[in-house]
Structure formats: C-alpha cells, structure tokens
Protein chains: 2
Amino acid sequence: MKDVKGQSPADPAGPLTSTLTFRLGTLGAIATERFTEAVQAHGLKPKQVGLMAVLAAGTADSQQDIARTMGVAPSLVVSLADHLETLGAIRRERDPNDRRRQVLTLTDRGHTLLAECTTAAHTLDAALTEALPPAARQALHQALTTLAAQAGLPT
Amino acid sequence: MKDVKGQSPADPAGPLTSTLTFRLGTLGAIATERFTEAVQAHGLKPKQVGLMAVLAAGTADSQQDIARTMGVAPSLVVSLADHLETLGAIRRERDPNDRRRQVLTLTDRGHTLLAECTTAAHTLDAALTEALPPAARQALHQALTTLAAQAGLPT
DNA sequence: TATTGTTATACTCTATAACTATA
DNA sequence: TATAGTTATAGAGTATAACAATA
C-alpha cells in the first residue's frame, strides 16, 4: 500500500483543522474577540467581566482567592480590581478579622454592568448559533457544559 | 414582583458562565494552552502549526495570501515562516512569474511535523472528551463544524 | 503607482520578582 | 516567618508604519 501523492505521511485520522482542539481554539478566539468588542462599550475587558462573574457567583471574595479561581496572577487581579473600582462596579474593603485581605463586593452598578455584559453574550450566542437547529444547539450546550465541568471551569 | 436578594437586576436568561460565548472562550483558551505545550516538544507554536496546515490544505501559498487566510498581519507571517524555514519544514521560493511573491511549500520534514502535531491534537481531543458519550461527542463535532463554517474557518 | 515582503517600532496582555503591611 | 496586596519590571505575542524590490 503506497502513499498517495501529497499525503506522505498520511493524515492521522483526519486533518488538524477538524480536531476538537483546533476548532475550540479558533472558535474560542473568535468568541473572545467579539465579546471584547461588545463589552468595550461599557469600558470593560473580558477578564474584568470575568472577575465580576466570580463575585456574583460568590465563590471567592479576597483577591488571592479570586486569582486562584480565575487562574491568573494576583498582581493581575490588582489591576482588574483597580479598574472595576474606578467604574464604581466593586467595593474594596479590608477584612476586619485579617487586615491583610481586601474583600471585594459587587455594587449595584456592578450588578447592572454584569447583567448588560451577560445580555451581550446572549446576543452573540444567538448570532453564533443561527445556522444551528434547536436540537443541535441544545446538544452543543450540554456537551460544552460537560467539558467545562471536567476542566474545572464554572458550570 | 420584587427582586430576590442578591439578584438585582435578575440574570438575563442565565448567568454569563453558561453562555456559549463564555464557554467557547474559556475552553478555547484551555485547548490552545494544552496544544501549545504539546507542540513545544517539536519546537513549534500553534500559529506556526496553523501556517503549515494552510500550506497542506493548498488554499494559499504566497505570504500575503497566507496572512489573509489566517487573519494575521503579513509581518507576522514573515517571522512564522522564518522559524519554519529554520526547522526545515518549509521552502521559500520566488515566484518566477512575479518575483515579488515568495511561494511557500511544505517539505517532507514539514509534512512529518504537521502529522505529529495533528496526532498530538487527536490525543488531546480524546482526553478532552473522555467524559462524553460517543453520541454526544459526535453531536459536538458536528455542531462545531457548522459554527466554524459559518465563521469562515476551515472545515 | 501599487503590491510583496521585510524591518523597525510600539502596544497589549500577563507573569515574575521585589517590596510593604499585617499576621 | 508567612501571607495578602501592591509595585516594578520583563517577556511574549502581534499590530502598525516605514522601507526595499518588483510590477
């Protein structure tokens, strides 16, 4: 059995572009790019919205906890929180029990901003999936939820 | 009808973290991070592998065409191609009909490298989807193929 | 003049390391 | 001595703009 011209060695079970790894990487980049553009109108970057989402979920409140939850360096949380504080989206208060800790809380303004960004994400979702039948849309959502859970991402 | 405490205003049809936009963004980042680590053993970065995939697909051969296909700046293609040439993965030849154009072609070494990276992607795919029933795996692949096609990505 | 590739430069994002205050 | 937050610095990645060769 010989190699066909131009396929030496043969594709290992399908081309790179049809792998889940490639598809998630490229579609993820597009999704983030569109979301970046959408939330920019509110003076926000995706990671700043992500920090607000962590606070809304109530799974972390100190900056160190938030850094661990988001998988970023603590020094990055400083600048993200600085910006959110400037926008009036969060409050920073020293923990009275341990004055080294800064406890972050979403303000009403923060809740409003997060809701607006979430609405923007839903709008982008609709555009992204417009070519998808409802059943496939549902199956996609379910499958990504499973992958996210397995990867330790918020569900 | 009053707002429930801590949900003012209410979540617009589900939290941010359950949107397709958020899931694709975060899972895409993880996929790219894992792929980056995997291809690093071959001295490659994801975009360099992407360039090889474009050449293998035969949809572009000059650096300008490749830049347009990949959605990156032409100056970036220069450095990606420089590195691939150093590895012996591609050849750069002037187009005799238009000596401004550099025509890039995959060498045998390039085909081998691309095949190895593709195999690595398949291995990552398996790890990523190990919690997914075969039917769901198939549905996910089909849905992402549709999204990729609609977004103008390679299918 | 317009286009291809290249080089020079700058910008964004984010991490690491050093530092301060508190424990 | 260890930890939370902050600041200073550095590196990766990529774009924009200026430039050279060719059309």
Side-chain angles (χ1 to χ4, degrees), chain A residues 25-26 28-40 43-51 54-55 59-86 90-105, chain B residues 25-26 28-40 43-52 54-55 60-86 90-105:
Chain A
T26 50
I30 287 177
T32 299
E33 175 189 323
R34 292 181 184 176
F35 189 62
T36 301
E37 197 175 343
V39 300
Q40 173 175 318
L44 289 165
K45 302 283 176 67
K47 287 251 156 83
Q48 294 160 351
V49 180
L51 172 30
V54 169
L55 294 181
T59 51
D61 61 352
S62 80
Q63 296 186 187
Q64 293 281 344
D65 289 346
I66 290 165
R68 274 186 290 269
T69 302
M70 293 181 67
V72 300
S75 60
L76 180 57
V77 176
V78 174
S79 54
L80 298 176
D82 281 350
H83 186 77
L84 291 172
E85 203 176 22
T86 299
I90 64 168
R91 256 191 307 274
R92 242 183 186 140
E93 290 160 325
R94 287 282 165 191
D95 180 343
N97 298 331
D98 183 346
R99 295 188 40 74
R100 293 172 302 183
R101 306 178 83 237
Q102 297 266 44
V103 175
L104 309 189
T105 51
Chain B
T26 50
I30 287 175
T32 298
E33 175 189 322
R34 291 181 184 175
F35 189 62
T36 300
E37 197 174 344
V39 300
Q40 173 176 319
L44 290 164
K45 302 285 176 64
K47 287 254 157 84
Q48 294 160 352
V49 181
L51 172 28
M52 288 196 290
V54 168
L55 294 181
D61 61 351
S62 80
Q63 295 186 188
Q64 291 282 345
D65 288 347
I66 291 165
R68 274 186 289 268
T69 302
M70 295 181 67
V72 300
S75 60
L76 180 57
V77 176
V78 173
S79 54
L80 298 177
D82 280 351
H83 186 77
L84 291 173
E85 203 175 22
T86 298
I90 64 168
R91 257 192 307 274
R92 242 186 187 137
E93 291 160 324
R94 288 282 166 190
D95 182 344
N97 298 331
D98 182 347
R99 294 188 42 73
R100 292 172 303 182
R101 307 177 83 236
Q102 296 267 44
V103 174
L104 308 190
T105 52

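Values below: all heavy atoms of this structure, side chains included; hydrogens, waters and symmetry mates excluded. So you know, we letter chains A, B, ... as the sequences are listed, proteins then strands, and number each from 1. Since we're looking at a predicted model, the values are computed, not measured.
- The heavy-atom pair separating B:Gly25 from A:Ala31 by the smallest distance is N-CB, 4.5 Å.
- D:dT14 atom P lies 16 Å from atom CD1 of B:Ile66, rounded to whole Å.
- Atom CZ of B:Arg94 is surrounded by more than 12 heavy atoms from other residues, nucleotides or ligands within 6.0 Å.
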Please list each protein N or O that sits under 3.5 Å from an N or O in nucleotides 18-23 of chain D, with the distance.
from, atom 1, to, atom 2, distance (Å)
D:dA23, OP1, B:Arg99, N, 2.8

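- Every residue two or more places apart in sequence or in another chain that forms a salt bridge (charged side-chain N to carboxylate O under 4.0 Å, His left out) with B:Arg100 is listed here: B:Asp98.
- In this structure, B:Arg68 and A:Pro74 both approach DNA chain C, and ranking their closest nucleotides by distance from the 5' end singles out B:Arg68.
- In this structure, A:Leu76 atom CG and D:dG11 atom P are separated by 19 Å, rounded to whole Å.
- Contacts between chain A and DNA chain C, taken as any atom within less than 4.0 angstrom of a protein heavy atom, begin and end at C:dC13 to C:dA23.
- Evaluation of the salt bridge (charged side-chain N to carboxylate O under 4.0 Å, His left out) rule for B:Glu85 yields B:Arg92 as partners, not counting sequence neighbours.
- A:Leu55 and A:Ala60 get closest at one heavy-atom pair: CD2-O, 3.7 Å.
- Side-chain contact check for B:Thr36 versus B:Thr32: some heavy-atom pair is nearer than 4.5 Å.
- With sequence neighbours left out, the salt bridge (charged side-chain N to carboxylate O under 4.0 Å, His left out) criterion links A:Arg101 to A:Asp61, A:Asp65, A:Asp95.
- Remark: C1' of D:dT3 and CD of A:Gln63 are 13 Å apart, rounded to the nearest angstrom.
- Taking A:Glu37 as the reference, nothing meets the salt bridge (charged side-chain N to carboxylate O under 4.0 Å, His left out) condition, with sequence neighbours excluded.
- At a threshold of 4.0 angstrom between heavy atoms, the contacts of B:Val77 with the nucleic acid are absent.
- The A:Gln64 side chain lies nearest to D:dA4 when the options are D:dA4, D:dT7, D:dT16.
- The side chain of B:Lys47 places an N or O atom within less than 4.0 Å of a non-bridging phosphate oxygen (OP1 or OP2) of D:dT14.
- When rounded to the nearest whole Å, the span between CE of B:Met70 and C1' of D:dA15 equals 14 Å.
- Within the 4.5 Å cutoff, the side chain of B:Leu84 has heavy atoms near those of the B:Leu44 side chain.
- Rounded to a whole Å, the CG atom of A:Asp82 is 12 Å from the P atom of D:dG5.
- Residue B:Ser75 is in base contact, counting any heavy-atom pair closer than 4.0 Å across all strands shown.
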